[in-house]
Amino acid sequence: MDIPRIFTITESAHRIHNPITPDKLATLGAALRLTPGASLLDLGSGSGEMLCTWARDHGITGTGVDMSQLFTEQAKRRAQELGVANQVKFIHGDAAGYVSEQGVDVAACVGATWIAGGVAGTITLLAQSLRPGGIILIGEPFWRQLPPMQEVAKGCLAHAISDFLTLPELVASFGQLGYDLVEMVLADQGGWDRYEAAKWLTMRRWLDANPGDDFAPEVRAQLHSEPTRYTTYTREYLGWGVFALMLR
């Protein structure tokens, strides 16, 4: 079980696998008013930066589940590095359908709502692990401005304009599902730059170190096309945020 190889190459140097920056991740942790001993489940936990830094800064405990073997190992090393290995654990596995044995204070899926078919399905999944009065965290893209045509949406790596909502539409959808939006932290274009542009140096370093690899042509093609695609489409049209929800 693993994610496609292109991601383990392009994001191998990332600590955060989405456009939120370390300072905004810290802002989110503070905004949630986390208390020592609070528990968090993170589905699609990546390299574990959210769990590990919040365990260090707020004294929480938690479990992360991710399909990437590389990212899971990176998360375990990060927990050791920050001295929180006794507070958090990371599981290499499929987060789709994962439910905690005990109710948690925060149930999160930050940037991987595909695990349950989208926002609504992921909220339903997370709710099964949540204690009464707990908080659900959803990380999700939205349109900063509505694409004028389907080709622009595809340039943002969406299948169609209908894949994402505008920010007001996304916020309204939470209420339609029976949840109050109680906090949010939004990425900005600088955060997108750090997420996307950091991949380019990683790809170049990988190509320099692996010129004979069978996968090198695909990495080379992506390095050639991604800067133009990103600056033309994603940076201008796509937003991203983490939204904190509580059941009404």
Side-chain angles (χ1 to χ4, degrees), residues 14-68 71-93 95 97-113 115-116 122-140 174 178-187 191 194-195 240-248:
H14 283 52
R15 282 185 173 166
I16 302 173
H17 301 277
N18 58 62
I20 198 168
T21 54
D23 61 322
K24 292 205 172 193
L25 189 61
T27 295
L28 177 62
L32 295 177
R33 307 172 197 175
L34 298 169
T35 57
S39 55
L40 189 153
L41 173 67
D42 188 6
L43 300 185
S45 51
S47 296
E49 192 72 0
M50 184 170 75
L51 259 178
C52 290
T53 56
W54 289 2
R56 177 197 62 192
D57 297 341
H58 303 286
I60 69 165
T61 64
T63 299
V65 184
D66 199 273
M67 286 183 65
S68 169
F71 297 162
T72 303
E73 291 304 314
Q74 289 177 337
K76 292 176 181 178
R77 290 197 297 270
R78 185 62 167 156
Q80 292 284 350
E81 179 184 335
L82 297 184
V84 296
N86 62 330
Q87 296 168 241
V88 298
K89 68 176 180 178
F90 293 97
I91 299 169
H92 173 226
Y98 186 94
V99 176
S100 176
E101 293 182 0
Q102 295 183 327
V104 298
D105 296 295
V106 181
C109 181
V110 179
T113 57
I115 66 171
T122 301
I123 289 174
T124 298
L125 172 61
L126 293 172
Q128 297 177 61
S129 296
L130 198 66
R131 69 163 181 80
I135 290 176
I136 285 175
L137 287 183
I138 289 287
E140 182 72 2
F174 299 139
Y179 285 82
D180 288 323
L181 176 62
V182 297
E183 259 294 358
M184 70 178 188
V185 174
L186 303 183
R194 297 296 8 101
Y195 174 54
W240 197 88
V242 185
F243 304 89
L245 313 174
M246 295 182 71
L247 186 65
R248 288 177 179 164

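Each residue takes its place number in the sequence, starting with 1. Owing to the predicted nature of the structure, the values given are computational and were not obtained by experimental measurement.
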Set of side-chain contact (heavy atoms from CB on, under 4.5 Å) partners for [X], sequence neighbours left out:
| X | value |
| --- | --- |
| Ala85 | Ala79, Gln80 |
| Leu186 | Phe142, Leu167, Met184, Phe243 |
| Glu183 | Ala31, Ala244 |
| Lys76 | Thr72, Glu73, Phe90 |

Give me the atom names and distance for the closest heavy-atom approach of [X] to [Y].
| X | Y | answer |
| --- | --- | --- |
| Cys52 | Val88 | SG-CG2, 4.4 Å |
| Leu130 | Ile135 | CD1-O, 3.4 Å |
| Gly44 | Ala95 | N-CB, 3.9 Å |
| Leu51 | Gly62 | CD2-CA, 3.7 Å |
| Thr122 | Thr113 | OG1-O, 2.9 Å |
| Ala127 | Tyr179 | CB-OH, 3.7 Å |

Would you say [X]'s side chain and [Y]'s backbone share a donor-acceptor pair under 3.5 angstrom?
| X | Y | value |
| --- | --- | --- |
| Asn18 | Ile20 | yes |
| His92 | Val65 | no |
| Gln87 | Ile60 | yes |

Inter-residue atom distance [X].[atom1] - [Y].[atom2], 0.5 Å rounding:
| X | Y | atom1 | atom2 | value |
| --- | --- | --- | --- | --- |
| Ser100 | Leu126 | OG | CG | 11.0 Å |
| Tyr98 | Leu41 | OH | CG | 6.5 Å |
| Glu101 | Ser129 | CD | OG | 10.0 Å |
| Leu137 | Leu43 | CG | CG | 11.0 Å |

How about [X] and [Y]: do any of their side-chain heavy atoms sit closer than 4.5 Å?
| X | Y | value |
| --- | --- | --- |
| Leu28 | Trp54 | yes |
| Leu245 | Leu181 | yes |
| Thr21 | Ile16 | no |

**Request:** Test Leu40 against Val104 for side chain to side chain contact (heavy atoms under 4.5 Å, CB included), laying out the working first.
**Result:** CA-CA 6 Å; Leu40 189 153; Val104 298; over 6 Å; no
Taking salt bridge (Lys or Arg N to Asp or Glu O under 4.0 Å) as the cut-off, I'd like each qualifying pair that reaches into [range], sequence neighbours left out, listed once.
| range | answer |
| --- | --- |
| residues 123-136 | Asp105-Arg131 |
| residues 18-27 | Lys24-Asp188 |
| residues 77-88 | Arg15-Glu81, Glu49-Arg78, Arg78-Glu81 |
| residues 26-48 | none |

**Prompt:** Which residues satisfy the salt bridge (Lys or Arg N to Asp or Glu O under 4.0 Å) test with Glu140, sequence neighbours excluded?
**Reply:**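 Partners of Glu140 under the salt bridge (Lys or Arg N to Asp or Glu O under 4.0 Å) test: none.
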**Request:** Can you run down the ring pair (Phe, Tyr, Trp, His ring centres under 6.0 Å) pairs that involve residues 14-38, sequence neighbours left out, and say none if there aren't any?
**Result:**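 Qualifying pairs, neighbours excluded: His14-Tyr195, His17-Phe71.
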**Message:** Strictly by side-chain hydrogen bond (donor to acceptor under 3.5 Å, both in side chains), give each pair with a member in residues 56-66 just once, sequence neighbours left out.
**Reply:**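 Not a single pair qualifies under side-chain hydrogen bond (donor to acceptor under 3.5 Å, both in side chains).
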